[in-house]
Amino acid sequence: MVQVQLPDGSVHEHPEGTTPYDIALKIGARLAQACIAASVDGQIADLRRPLPTGSLLKLKLITERDPEALGVMRHSAAHVMARAVMRVFPNVGLAFGPTLPNGFYYDFDMPDRIREEDFPRIEQEMAAIIAAGETFDRFELPREEAIGMCSDLNQALKVEHLKTGLADHPTLSFYRQGEFVDLCRGPHIPDASKIKAFKLMSVAASHFKGDTSGRSLQRLYGTAFFSQKDLDAYLAQVEEARRRDHRVLGKQHGLFHISNDVGQGLCLWLPKGAAVRGILEEFIKAELIRRGYQPVYTPQIGRVEMYETSGHFPYYRDAQFSPIFGHPAGSVVDRWITLLESGEMTPEKEKQFIEFSPMLEAKIENYPVGGTVAEKIESLRGWQSHHERYLLRPMNCPHHVQIYKSQQRSYRDLPVRLAEFGTVYRHEQSGELNGMLRVRGLTQDDAHLFCTPEQVENEFQQTLELVQFVLKSLGLDDYRVQLSLRDPKSNKYVGSEENWQRAEAALRKVLVEMQLPFEPREGEAAFYGPKADFMVRDCIGREWQLGTVQLDYNLPERFQLEYIGADNRAHRPVMIHRAPFGSMERFVGVLIEHFAAAFPLWLAPEQIRILPISEKVNDYAATVEQQLKAAGFRVTTDLRSAKINGKIRDAQIELIPYMLVVGAKEAEQGLVTVRDRLDADHQRTVPLAEAIAALTAEVKERRIRQTAKPGGSTLSGGEDAVANEY
RNA sequence: GCUAGCGUAGCUCAACGGCAGAGCUCCGGUUUUGUAAACCGGAGGUUGUGGGUUCGAAUCCCACCGCUAGCUCCA
């Protein structure tokens, strides 16, 4: 007997072997037809799989309208795609084919290369499979038989997965659709006709289970929807995102430039981009001072030993620029020590080092040729201690720690909040670089708070409030918080178990108290502490990781930080690292995309452009410009001999928020005609003073007028003023 | 770093084995303008770099540099 409870609370009994489809059919034929899958006790299951007997099951029928349906259908679409690829190409090995937030992919191990030119052929085959409307049939096999079948099918990666990842599964489920059989957990849609609209998106390389040492696979991306309309809306959104690409807009509007002559991933801020950044920096600086922070400046390099103490140097060695040596032999000695430490030093190599080093004027005195490895290293370290190694700093914290340590601290002084727009350098892998969003030199809006253990929660809360305030000021008020915790099974973290538990508990407590929704994510913490990251949704629904607040009990330990408590004894402070923007590069990059380069008045590099009708009113235009400048505006005057139409067009294309048109009429009476970039149909001719007052108010309020409503996941083409811009 | 695709004027692109071109930008001139492009002229290139194949290479081949997408990484 199968006992089910439907969402309306009603309980029904059915004979054994009843499927959710049978139940749907009893309710109504149209419902049964609309069903995609079923939710059984909260688990998504196949519509035609018999329900288990015994306890009462909570059953919910999933139709296209339920959010879970899309994922089920896309997973089936991935199978259809794989089936099509196997029809088009020979010897296709299957890896994994999961669902993504916006579609799905399937990884293939195959001799042929899939090119975009092949997409139509594959899509055609998929369309044929969908038109045939065959069912997805689940069956189970015991382990050995499953392995046998996969090897019969020449699916080596499936066999490997069965033997490794699924080693503890006694029985395995498969899905068959026509000639296509795939090891798969499911669930699937009942038959292929549920896939109403699909499209192949792109193809790129990937690796089996993410292992870069293994063979490269081809990953084919696609997406699918329940209607052509939804697919079209999605494609429009992709197009909109492409149109907002900060690399394109940054070039077009002269915001930033990356020159190969300077170097990969090194951002040059052009005057207009620098203006935006400068305004943001001023904005946040004023806010920090209001909140009791103290600005500091520290150098952009520091001794390697300091980063060895902090743990950054050993932990992130591959992602850092090589140390800078004060002596030409520095890197040779460094290599020498590395070989000794790793045990790779041979007598021949050692002889070469000893003979070579004098040519670099390195006098390694008393090198114990016949001594132990430890003695040799000690001797070389002795040389190093007289010849400093510097690191282009990858993090600001050690420098700020040194400021903290520069004087004795009393509990009365805490919290100490040190803030700096600190530029750091990281040797990111070349394939990671992406415009301003991923660079090798970046400036963090960084600060480090040193406080007593009792102050931690309060300070943490205040930093979260600061991040909230900053994001809100920029119209980025749709966000969620990720609480990144350590992976208890990994040993890559520094610090004691107790410290980690305290830190994680403190973060959790504050987030709960602030009623900030958060998702815990194990294994995502920094190596020195847990963190709360702000995932911010922009106006076209994309998510970006921006602000971050990190709690750290470990660096104070490593640097032996102290303060004198009320009990006249030394205590260890706690550190909080935080950056509301993250980095200026990344944040401005995101803002460019968020605003589509049409910055609100308070951020616009050029806020106002004065457009004289003819040269006859140039003098008046100059007066207007002077007064606007005196009122603090970033303003220019278009003195070209072009017609007013041309001047307006250029200002409009350059996304200048306001144009002030001045002609003989305005000059006579001290007026300006205000042309709002977003509302050219309602121009007003007003006294200059009135215009200045209105514009000043808009800046003061940091008014944001041009973005579409945040949170919209679909881009309604045309409704957003920004979207209409070009 | 890996796999694939791509590098032509400041920008966007054309020429795809046979004389490197257009529009915009820029410069000079004419024009003095009332709400999204006035007109005329000019300049701008060792086709990413270096090799090779060829009578001849932007075009074909190789290496390097860079960009893009994805993978891996992200203090």
Side-chain angles (χ1 to χ4, degrees), chain A residues 105 107 113-117 201-221 245 247-248 251-254 257-261 263-265 307 310-313 315-320 393-398 424 426-435 437-440 442 444 446 484 492 494 524-529 531 533 545 548 550 552 555 577 579 582-583 586 611-618 639-654 659 661-666 673-675 677 680-681 683 685 725-726:
Chain A
Y105 68 79
D107 281 345
R113 182 142 290 131
I114 303 177
R115 295 164 184 279
E116 293 210 7
E117 296 93 271
M201 301 299 289
S202 61
V203 60
S206 65
H207 295 92
F208 190 55
K209 299 189 177 184
D211 175 11
T212 46
S213 62
R215 185 146 42 133
S216 173
L217 306 175
Q218 296 185 68
R219 177 169 296 179
L220 190 52
Y221 287 86
D245 190 322
R247 293 165 301 193
V248 176
K251 189 181 275 185
Q252 219 169 67
H253 295 284
H257 176 60
I258 293 177
S259 160
N260 195 23
D261 292 341
Q264 262 189 303
Y307 287 98
S310 73
H312 290 106
F313 182 66
Y315 192 85
Y316 289 106
R317 186 143 201 181
D318 293 342
Q320 284 162 9
R393 73 171 168 192
M395 271 303 252
N396 303 309
C397 20
V424 299
R426 299 171 181 179
H427 194 268
E428 304 286 2
Q429 296 181 27
S430 60
E432 298 307 326
L433 302 175
N434 175 287
L437 298 180
R438 196 77 187 269
V439 288
R440 284 183 171 165
L442 54 132
Q444 300 175 315
D446 208 0
S484 295
K492 68 171 186 173
V494 301
E524 298 291 317
F527 74 90
Y528 50 72
K531 54 180 182 168
D533 292 323
Q545 192 200 309
T548 179
Q550 310 177 357
D552 183 359
L555 284 189
H577 311 236
S583 80
R586 185 176 167 78
L611 309 181
I613 296 288
S614 84
E615 276 176 16
K616 291 175 192 128
V617 287
N618 279 359
L639 293 170
R640 296 174 303 168
S641 72
K643 293 176 73 167
I644 193 67
N645 290 323
K647 294 182 182 182
I648 285 172
R649 179 171 190 274
D650 288 346
Q652 195 77 27
I653 288 170
E654 289 175 52
M659 300 169 217
V661 180
V662 294
K665 190 174 71 185
E666 287 85 356
T673 296
V674 182
R675 189 184 202 275
R677 189 184 68 84
D681 296 338
Q683 295 183 45
T685 302
E725 216 50 67
Y726 291 81

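First the proteins, then the strands, lettered A, B, ... as listed; each starts at 1. All values below were derived from every heavy atom in this structure, side-chain atoms included, with hydrogens, water molecules and symmetry-related copies excluded. Every value quoted in this text rests on a predicted model; they were computed, and no experiment measured them.
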What distance, rounded to whole Å, do you find between the two [atom1] atoms, one in [N] and one in [M]?
N	M	atom1	result
B:rA63	B:rG44	P	36 Å
B:rG29	B:rA43	C1'	14 Å
B:rU32	B:rG42	P	24 Å
B:rG45	B:rA20	P	15 Å
B:rC55	B:rA14	C1'	27 Å
B:rC27	B:rC62	C1'	42 Å
B:rC19	B:rA57	C1'	14 Å
B:rU25	B:rC13	C1'	14 Å

Mapping A:Gly646 and A:Ser206 to their closest nucleotides on RNA chain B, which lands nearer the 5' end? A:Gly646
By nearest nucleotide on RNA chain B, pick out whichever of A:Gly263 and A:Ala664 is the more 5' one. A:Ala664
For [X], which contact category applies under a 4.0 Å heavy-atom criterion: base, sugar-phosphate, or nothing?
X	value
A:Tyr105	nothing
A:Ala319	base
A:Ser216	sugar-phosphate
A:Gln320	base
A:Arg675	base
A:Ala680	nothing
A:Ile644	sugar-phosphate
A:Glu666	base
A:Thr673	base

For the side chain of [X] and the base of [N], is some donor closer than 3.5 Å to an acceptor across the two?
X	N	answer
A:Arg438	B:rC73	yes
A:Glu432	B:rC71	yes
A:Ser641	B:rU32	no
A:Gln683	B:rU35	yes

Below 4.5 Å, heavy atoms only, C-beta onward: do A:Arg219 and A:Leu217 meet side chain to side chain? no
What is the separation between atom [atom1] on [X] and atom [atom2] on [N], rounded to the nearest whole Å?
X	N	atom1	atom2	answer
A:Asp107	B:rG70	CG	C1'	10 Å
A:Arg649	B:rA36	CZ	P	11 Å
A:Tyr316	B:rG1	OH	P	20 Å
A:Lys209	B:rG70	NZ	P	24 Å
A:Leu433	B:rG1	CG	C1'	11 Å
A:Lys665	B:rU35	NZ	C1'	11 Å
A:Ile114	B:rG70	CD1	P	17 Å
A:Phe208	B:rU3	CZ	P	19 Å

Identity of whatever pairs with [N] - Watson-Crick or G-U, under 3.5 angstrom:
N	value
B:rC74	none
B:rA37	none
B:rG66	B:rC6
B:rG42	B:rC26
B:rG18	B:rC55

Measure from the side chain of [X], starting at C-beta and using heavy atoms only, and say which of [options] lies closest.
X	options	value
A:Arg247	B:rU68, B:rC11, B:rA36	B:rU68
A:Lys616	B:rU32, B:rC71, B:rG1	B:rU32
A:Ala204	B:rG34, B:rA38, B:rA69	B:rA69
A:Asn434	B:rG34, B:rA38, B:rA69	B:rA69
A:Asn260	B:rG66, B:rG1, B:rG34	B:rG66

Does [N] have OP1 or OP2 under 4.0 Å away from a side-chain N or O of [X]?
X	N	result
A:Lys531	B:rA75	yes
A:Tyr221	B:rC71	yes
A:Arg426	B:rA75	no
A:Gln264	B:rG66	yes

Assign the ring pair A:Tyr221 / A:Tyr105 to parallel, tilted or perpendicular, where the plane angle (0 to 90°) is split at 30° and 60°. tilted
How are the rings of A:Tyr307 and A:His312 set to each other: parallel, tilted or perpendicular (split at 30° and 60°)? perpendicular
Flag, side chain of [X] to backbone of [Y], donor-acceptor distance under 3.5 Å:
X	Y	value
A:Arg426	A:Pro394	yes
A:Lys647	A:Arg640	yes
A:Arg586	A:Leu442	no
A:Gln218	A:Ile114	yes

Go through the side-chain N and O atoms of A:Gln652 and A:Arg675 and say whether any donor and acceptor fall under 3.5 Å apart. yes
Measuring from A:Ile613:CD1 to A:Asn618:CG, what's the distance to the nearest 0.5 Å? 11.5 Å
